[in-house]
Structures are given as structure tokens and as C-alpha cells.
Amino acid sequence: MKKTARRRQFRPLRFLAFLLIVFAVPFFLMGGLAIFSPRTWQGVGDFLPALPKQMPAALAANDSSMLPETASQRLSRIIFLRRAVNSRVDRTDFVAIDKMSEDLVHAVVAVEDRRFYEHHGVDVTGVARAALVNLQYGEIEEGASTITQQLVKNLFLSQDQTLARKAEEVVLALDMEANYSKDEILELYLNTIYYGSGFYGLAAASDGYFGKAPRDLALPEAAMIAGIPNAPSLYSPYEDFILAKKRQIVVLDAMVAAGYISTDLAEDAKIKPISLVHVKK
């Protein structure tokens, strides 16, 4: 009698387990796995109160009034990345990627992150390639960080060269690639980096150096602007035109190596005169 009672007791549990399997399988097959997608959580973040506007970390580096972030703030940023990005990006003079010169986009990818469209935020192969390029020129011409890593560092992170900060950079770069398209990442990057001589963002740099909209930049101008963010205080043509010109040549050679332009087109761009809006006194 006791064995019969136990069997009856467990039958409802087995039936419930059976129902769970029956409903769970179609749920996952019909897209239930989306709950584990990073993009799903970005939608949840849209329902949360907007974060107060903040300067990108790269601009706020010397602001002593900035309070250090807590662990919970950093974790929230990873989970609700789009919400965090929106709080750091000024959309006033934001330039959409389809309003940019194609030569400029190609130049930036060629010199900063040639495998940009192949990696997922972190590029181990690129580290080795950058080391070879730097040895060839005898100085730092290319960095090992991807465009995605540079973007999250400029937006959110300090310049400290610690293992913890680098680990956070890698996590955020992977998170960025999971939640943004490549075009969106490039768009954010080009609109938030420093181009020297007080110009933050592509719109300001294009107008400040050449008096043009970003979509109207010619190849020689695009290559010069693309070379500046590597070392803005050195490669701004208003600071040192000769260094800016040398850097432009490096960018044009990188574009040839990446297959964006022909050698003849690059050589022609190297000798074309550059007309700046003004010459710094």
C-alpha cells in the first residue's frame, strides 16, 4: 500500500515535468533564447530613467570634480550599454556615417584597425600586425587596440594602464560589438574622438581644418584627418604641418595595403596641395 501511495504522489510531479518539456522546447525553438541576447537587455534599459548627461571619460580626465564610479555603476553599464552610451554622446553636431566621405571612413579603418570588419571587438592578430608596422617605421604608427576598444576607452574608462582597466575595456568592447553594428561603432568613434587643436568630433575637425562638411572631404584631406587621432598634439597640421604631412603619407600607404585605393591614386594624393582654413601663428 505504501509503494502504491508513493507512486500516486509522484505522478503529478512527472506530469508537470512533462508539460514543462512540451512547452519549453517550442518556446526556445520559436525564439525564447532571445531572452539571453544582450540586445534584449538594451530594450529593458529603455524603460529605465535616462542617465544624466556626462562628458566622455577622455574629456573628463582632468576634471577633479568627477567622482569615481562604483562597482554597481560599472555593472549596470555592461548590462544596459546603450543607455550608458547615450549619456556620454553629444548628438548636437553628430554626423551620420552616410554623411561622411567614404575616403575618410576607409582611411580610418586602414590605419587604425584594418581587420575591423572581421573581429568581434578584440583582435589578437592585429596586435602582431601593429608590432610589425611599428618596427618598419621605427616609431608608433599603429596601435594594437581596435577601434571598438578605443571607443569604449574614450567614452568610459580612465587612462590607467592596469590589468583591471584593460579587462573592463575588453568586456565593454565585446559588449559593444554584441549591441551595435559595425557602422554604428564607426559612427560613434568618429564623432567622439579628439582631432587636435581643440576639435572634438568629426564635424568640428572637418570644418576647423578645411572649412568643409565631412562628406565633402577629398582624399588628401580625409587621409590627413584620419591620421590625427593617433597623436593629436603632434599630427594636427596647425601644430606641425610637416609631421601631419608625414602622417598623411602613412595613412595613404595603409589604404593601398588594405586595398581601398590604388598606388597611383595614393601617390597623386601625396603631392596635392593642402589648403587649411587658417595657419596657426
Side-chain angles (χ1 to χ4, degrees), residues 95 97-119 123 125-148 150 182-183 185-187 189-191 193-197 199 202-203 205-277 279:
V95 183
I97 197 164
D98 60 357
K99 305 293 185 186
M100 299 178 189
S101 157
E102 189 177 61
D103 284 332
L104 173 70
V105 174
H106 289 166
V108 170
V109 172
V111 78
E112 292 291 340
D113 187 0
R114 196 176 303 172
R115 286 168 46 83
F116 175 69
Y117 292 103
E118 300 170 35
H119 63 67
D123 183 18
T125 304
V127 174
R129 179 183 56 78
L132 291 175
V133 171
N134 294 336
L135 283 173
Q136 177 185 353
Y137 283 95
E139 57 186 52
I140 302 299
E141 298 293 348
E142 291 191 23
S145 293
T146 65
I147 284 174
T148 314
Q150 293 177 55
K182 290 291 188 179
D183 280 351
I185 291 170
L186 265 177
E187 203 174 68
Y189 176 75
L190 290 167
N191 278 283
I193 54 177
Y194 182 51
Y195 292 87
S197 297
F199 302 129
L202 180 58
S206 183
D207 182 63
Y209 287 122
F210 303 112
K212 293 184 176 182
R215 73 188 315 164
D216 297 326
L217 293 171
L219 176 58
E221 299 162 340
M224 183 165 283
I225 282 187
I228 296 172
N230 180 266
S233 61
L234 294 177
Y235 296 133
S236 163
Y238 289 154
E239 299 296 333
D240 191 323
F241 185 82
I242 300 301
L243 278 181
K245 186 64 182 177
K246 288 180 178 179
R247 179 65 178 168
Q248 179 211 43
I249 292 171
V250 170
V251 174
L252 289 166
D253 287 342
M255 293 179 75
V256 172
Y260 287 124
I261 59 174
S262 66
T263 302
D264 289 343
L265 197 58
E267 293 304 315
D268 182 61
K270 290 175 186 178
I271 62 175
K272 281 192 174 177
I274 291 285
S275 298
L276 299 171
V277 172
V279 178

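Just so we're clear, the structure is a prediction, and the values are computed from it rather than from any experiment.
No donor-acceptor pair under 3.5 Å is formed between the side chain of D207 and the backbone N or O of A203. A distance-only check finds no donor-acceptor pair linking the side chain of E239 to the backbone of S233 [under 3.5 Å]. R247 contributes no side-chain N or O that, together with a main-chain N or O of Y235, makes up a donor-acceptor pair within less than 3.5 Å.
The minimum heavy-atom distance linking T146 with D113 is given by the pair CB-OD2, 3.2 Å. Counting all heavy atoms, side chain and backbone alike, V111 lies closest to V251 at CG2-CG2, 4.0 Å. Considering every non-hydrogen atom in both P237 and I228, the closest pair reads CD-CD1, 3.8 Å. In terms of heavy atoms, A266 sits closest to L252 at O-CD1, 3.9 Å.
With sequence neighbours excluded, the residues forming a side-chain contact (heavy atoms from CB on, under 4.5 Å) with K99 are V95, A96, R215, listed by chain and number. Applying the side-chain contact (heavy atoms from CB on, under 4.5 Å) criterion to S262, with sequence neighbours excluded, gives D264, L265. Partners of K272 according to the side-chain contact (heavy atoms from CB on, under 4.5 Å) rule, which considers only residues two or more places apart in sequence or in another chain, are P220, D268. For S236, the side-chain hydrogen bond (donor to acceptor under 3.5 Å, both in side chains) partners two or more places apart in sequence, or in a different chain, are S197, Y209. The side-chain contact (heavy atoms from CB on, under 4.5 Å) search around F210 returns K212, L217, E221, M224, I225, I274, L276, not counting sequence neighbours. In terms of the side-chain hydrogen bond (donor to acceptor under 3.5 Å, both in side chains) criterion, residue partners of Y189 (sequence neighbours excluded) are, by chain and number, Q150. Partners of K245 by side-chain hydrogen bond (donor to acceptor under 3.5 Å, both in side chains), not counting sequence neighbours, listed by chain and number: Q248.
Screening residues 222-236 for salt bridge (Lys or Arg N to Asp or Glu O under 4.0 Å), with sequence neighbours left out, gives no hits.
Note: L186 CG to N191 CG = 10.5 Å, rounded to the nearest 0.5 Å.
No side-chain heavy atom of P229 sits less than 4.5 Å from a side-chain heavy atom of Y194. A heavy-atom distance below 4.5 Å is not found between the side chains of Y260 and L219. Between F116 and T148 there is a side-chain heavy-atom pair separated by less than 4.5 Å.
Salt bridge K270/D253: present, at least one basic N to carboxylate O contact under 4.0 Å.
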Let me check something: any side-chain donor-acceptor pairs from residues 102-109 under 3.5 Å, sequence neighbours excluded? List them with distances.
none

